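Shown next, in structure tokens, is the structure this report addresses.
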Amino acid sequence: MKMQKMMALVLAGTMTLAMSSSFVMAAGETEAVKAAGKVVMTTNAEFEPFEYKDGDEIVGIDREIADKIAEKLGVELEISDIAFSSLIPSLNAGKADFIAAGMTATDERRKNVDFSKDYFNASQTIIVRTDSDIKGREDLNGKVVGVQEGTTGDVYCTNEDGSSDIAVKEVRRFSKGMDAVSDLLSGRLDAVVIDDFPAQKLVEKNPDKIMTLEEAMTEETYAIAVPLGSDLVDVINEVIDELNESGEMDQIVSKYISVSEDDASADSAA
Ligand code: GLN
């Protein structure tokens, strides 16, 4: 009897300890990151100018913002480079602390992640061959369109929820925008729908053969994602505010792209 009582006490004590330590972990992602001495960003480095490879290094606008986040936390930045459609599952499996991937903040994604403030205004742009008869978004009705798998361009063209006004004939999904463009060049696709600045970079590589249309498919904004409830979002928002206020955000962006007035950072355009 005495023994059983003791066992029960030990068990109760262990449970209380376990509960309180998991509580501490869940309540403080920022503290956990500081204690670990590193913060892990996950991205898909096939998205110039936001993230792409320069030799072995991942560079781009999001990389520079992530460096500032790590600096603010006083920790090392580690980058995990995976498929775009795996980013949210990987974040929620605890494999990363935040996603910086030119990711559009959508209500659908908000069911699974929290977003920082918007840091960039973007749009889904249509790329066609220079001799194409596609002149605007409505001409995509009945056409074969290439997209990057799992992106907002994919969601919009696939139109599973019926919210799009355009009914394409077929959507072909690629893991890299570059692969979609090579199918466009060879005539297997009628158009590619992808974010505006990556589109600009893809067209720059084949200026005589393809071009972007002036009329965009949709407008959207980029934000950084964290797991639901992660307090790291406060630090990230502070960094975004500081970069906007000091003018550093514009400096970072202009290193990679020439932006017109109305395409400036989300903050100044808002
Ligand atoms: N902005 C798009 C999205 O969030 C594409 C992002 C990307 O391919 N990296 O879906």
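Bear in mind the structure is a predicted one, so any value in this text is a computation, not a measurement. Atom set for the values below is all heavy atoms of this structure, side chains included, hydrogens, waters and symmetry mates excluded. Counting convention: from 1, in listed order, for ligands and their atoms alike. Nothing fancy with the numbering, it's 1 onward along the sequence.
A salt bridge links Arg172 with Glu170: at least one charged nitrogen is closer than 4.0 Å to a carboxylate oxygen. The residues Asp139 and Lys143 are annotated as not salt-bridged, no charged nitrogen and carboxylate oxygen being separated by less than 4.0 angstrom. The pair Lys205-Glu48 counts as a salt bridge, with a side-chain nitrogen and a carboxylate oxygen less than 4.0 angstrom apart. Contact check on Lys38 versus Asp97 returns no salt bridge, with no Lys/Arg side-chain nitrogen under 4.0 Å from an Asp/Glu carboxylate oxygen.
At least one N or O atom of Thr152 sits closer than 3.5 Å to an N or O atom of ligand 1. Considering backbone and side-chain N/O of Asp195, one or more are found under 3.5 Å from N/O of ligand 1. An N or O contact shorter than 3.5 Å is missing between Tyr222 and ligand 1 by distance.
Within a 6.0 Å sphere centred on CE of Met211, heavy atoms belonging to other residues, nucleotides or ligands number more than 12.
Proximity annotation for atom 3 (C) of ligand 1: of Gln124, Lys176, Arg109, Glu220, Arg109 comes nearest, heavy atoms only.
In summary, the atoms of ligand 1 found under 4.0 Å from a heavy atom of Gln148, numbered by their order in the structure, are 8 (O). Close approach of ligand 1 to Met103 is summarised as follows: ligand atoms under 4.0 Å from at least one heavy atom of the residue are 4 (O).
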Practice item. For Asp231 and Thr30, run side chain to side chain donor-acceptor pair (under 3.5 Å): C-alpha distance rounded to whole Å, both residues' side-chain angles, the deciding distance at 0.1 Å, then the answer. Key: CA-CA 6 Å; Asp231 65 6; Thr30 303; 2.8 Å; yes
* **side chain to side chain donor-acceptor pair (under 3.5 Å) between Gln124 and Thr152, intermediate numbers included** => CA-CA 8 Å; Gln124 290 299 312; Thr152 45; 3.0 Å; yes
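Remark: distances from the non-hydrogen atoms of Glu46 to ligand 1 are all 4.0 Å or more.
Nearest to atom 9 (N) of ligand 1 among the protein's heavy atoms is Ala101 O, 2.8 Å. Ranking protein heavy atoms by distance to atom 6 (C) of ligand 1, first place goes to Gly102 O, 3.3 Å.
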